[in-house]
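In what follows, every chain begins at residue 1, and chains take the letters A, B, ... in the order their sequences are listed.
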Number of protein chains: 2
Amino acid sequence: MAEDTQQEVLAGRLRSAQLKVTAPRIAVLGVLSGHGHLDADSVFSAVTQQLPKTSLQAVYGVLSALVTSGLVRKIEPAGSPALYEARVGDNHHHLVCLNCKRVEDVDCVIGESPCLTPSNLHGFAVQVAEITFWGVCSSCQAATAELEPTS
Amino acid sequence: MAEDTQQEVLAGRLRSAQLKVTAPRIAVLGVLSGHGHLDADSVFSAVTQQLPKTSLQAVYGVLSALVTSGLVRKIEPAGSPALYEARVGDNHHHLVCLNCKRVEDVDCVIGESPCLTPSNLHGFAVQVAEITFWGVCSSCQAATAELEPTS
DNA sequence: ACAGTTGTTTTGATTCATTCAAAACAACTG
DNA sequence: CAGTTGTTTTGAATGAATCAAAACAACTGT
């Protein structure tokens, strides 16, 4: 059935990253492939629905292994717990809502290379440029407009 | 003496931000004007040298008041506690060492505006773009080179 | 100069996300 | 299928930051 093939795809990804294939790892990878940006606790909740005896620490362990091997990316926006996403390898950026902390992907920035070129490197060997756009998401704009109809 | 005029300058900055002038606030502002990027605990250590009975919570309270009023900027690089800096109003960016977490300022990015223009806003009202450059600082490069002379 | 009001600082406790460590256990190798 | 290696569980601990109430200090107007 479809679930099995999906599990095999995920297992293959784990194997090619030289990771042992375990049920918690498949579950975590599956959850992250479905949803966008989840914190450890949300991943834990989702995982325990299919694998009830998984511990939170196992989730932390799995996430850390997946991040280290490059299968999952960890982002840490100010004011939120760490978030994990399965979209990887394209160094995309993020839009974060100042109000509700919702996160959206930003495919890339116009021009691209300017953002990777600081004017003064202070002797640093720069490896990546991480851009976070802070703003107000559409739902929060709507909610604010409702509270202040004419100001 | 010079110290008094410096204190008056800091007091003036507090007044023009509509903040009451208190000894802990002047001390915190003074510490941040001298050094670069400090976490709450380092600010606390520096402040208690001139004002021994200041509490850590007071430092947190002062920092939060200064940040809210725009006199101090708070940055939260992944993997470090929050850092505070007195340089404010110019939306400069940061270079962070992947190894030792040292932070340096980046005056601005070549081109500047491209980095403020995401390709898809997802309905967000974007207010600021924050750029963090991750790399290895010169001291850590030197330390690594010493451990692996020819590889 | 001083009393009142407002806002700040202290004191003490608590929260949350995350990490550590040891023992029990399961996946891959040959 | 047994052995090795690495993972997961269990239980506890950490660090950074926040909350709340009481004591206190800065500014206002008189």
Side-chain angles (χ1 to χ4, degrees), chain A residues 7-8 10-29 31 37-48 50-69 71-72 74-84 101 103, chain B residues 7-8 10-29 31 37-48 50-69 71-72 74-84 101 103:
Chain A
Q7 303 234 327
E8 258 318 306
L10 299 176
R13 271 203 253 165
L14 289 170
R15 276 190 213 97
S16 51
Q18 261 106 47
L19 289 175
K20 286 192 179 169
V21 177
T22 68
R25 284 178 175 176
I26 290 180
V28 167
L29 210 46
V31 166
H37 309 88
L38 297 169
D39 61 22
D41 220 69
S42 307
V43 173
F44 174 60
S45 305
V47 164
T48 43
Q50 25 174 153
L51 226 60
K53 39 183 283 199
T54 312
S55 68
L56 177 59
Q57 284 76 353
V59 170
Y60 272 106
V62 169
L63 287 171
S64 131
L66 294 178
V67 168
T68 303
S69 62
L71 256 38
V72 161
K74 178 184 189 179
I75 62 171
E76 300 177 57
S80 302
L83 302 175
Y84 299 86
K101 312 291 178 196
V103 175
Chain B
Q7 304 233 326
E8 258 318 307
L10 299 175
R13 272 203 252 164
L14 289 170
R15 275 190 214 96
S16 50
Q18 262 106 50
L19 289 175
K20 287 191 178 171
V21 176
T22 68
R25 284 177 176 178
I26 290 180
V28 167
L29 210 46
V31 166
H37 309 89
L38 280 69
D39 61 23
D41 221 68
S42 306
V43 173
F44 175 60
S45 304
V47 165
T48 43
Q50 25 174 155
L51 227 60
K53 41 183 280 198
T54 311
S55 67
L56 176 59
Q57 285 76 354
V59 170
Y60 273 107
V62 168
L63 287 171
S64 128
L66 294 177
V67 168
T68 303
S69 63
L71 256 39
V72 162
K74 178 185 189 179
I75 61 170
E76 301 177 56
S80 302
L83 302 175
Y84 299 87
K101 311 292 177 194
V103 174

Asker: Starting at the 5' end of DNA chain D and moving along, which residue's nearest nucleotide shows up first, B:Lys53 or A:Gln18?
Answerer: A:Gln18
Asker: State, to 0.1 Å, how close A:Glu76 and B:Gly79 come at their nearest heavy-atom pair, and which atoms those are.
Answerer: OE1-N, 3.6 Å
Asker: If you restrict it to nitrogen or oxygen atoms, what contacts under 3.5 Å exist between nucleotides 16-18 of chain D and the protein, and what is each distance?
Answerer:
unit_1, atom_1, unit_2, atom_2, d
D:dA17, OP1, B:Ala82, N, 2.8
D:dA17, OP2, B:Tyr60, OH, 2.8

Asker: First and last nucleotide of DNA chain C in contact with chain B, 5' to 3', at under 4.0 Å to a heavy atom: what are they?
Answerer: C:dT6 to C:dA13
Asker: Can you name the atoms? Protein N/O to nucleotides 27-30 of chain D N/O, anything below 3.5 Å, with the distance.
Answerer:
unit_1, atom_1, unit_2, atom_2, d
D:dC27, OP1, B:Val21, N, 2.8

Asker: Donor-acceptor pairs are to be reported for all side-chain atoms of residues 15-26 of chain B against protein atoms at under 3.5 Å, with residues two or more places apart or in another chain.
Answerer:
unit_1, atom_1, unit_2, atom_2, d
B:Ser16, OG, B:Gly12, O, 3.0
B:Ser16, OG, B:Arg13, O, 3.1
B:Thr22, OG1, B:Arg25, N, 3.4
B:Arg25, NH1, B:Lys20, O, 3.0

Asker: Minimum heavy-atom separation for A:Val59 and A:Ala40, please, with both atom names.
Answerer: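 Residues A:Val59 and A:Ala40, closest heavy atoms: CG1-O, 3.9 Å.
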Asker: If the condition is side-chain hydrogen bond (donor to acceptor under 3.5 Å, both in side chains), which residues does B:Asp39 pass it with, not counting sequence neighbours?
Answerer: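 side-chain hydrogen bond (donor to acceptor under 3.5 Å, both in side chains) list for B:Asp39, sorted by chain: B:Ser42.
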Asker: For A:Lys101 versus A:Ala78, what's the shortest heavy-atom pair and its separation?
Answerer: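 Looks like NZ-O, 4.5 Å.
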Asker: How does DNA chain C look in dot-bracket form if you count Watson-Crick and G-U pairs under 3.5 Å, write [ ] for pairs that cross, and put | where a base pairs with another strand?
Answerer: ||||||||||||||||||||||||||||||
Asker: Which distance, rounded to the nearest 0.5 Å, do you find between the CG of B:Leu63 and the CG of B:Leu29?
Answerer: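 So the gap between those two atoms works out to 10.0 Å.
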Asker: Between B:Phe44 and B:Leu56, which heavy-atom pair has the shortest distance, and what is it?
Answerer: CE1-N, 3.3 Å
Asker: Nearest 0.5 Å, what's the CG-CG distance between B:Leu71 and B:Leu66?
Answerer: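 That separation rounds to 6.0 Å.
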Asker: Check A:Pro77 against A:Pro81 and note the closest heavy-atom contact, atom names and distance.
Answerer: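 The answer is CD-O, 4.3 Å.
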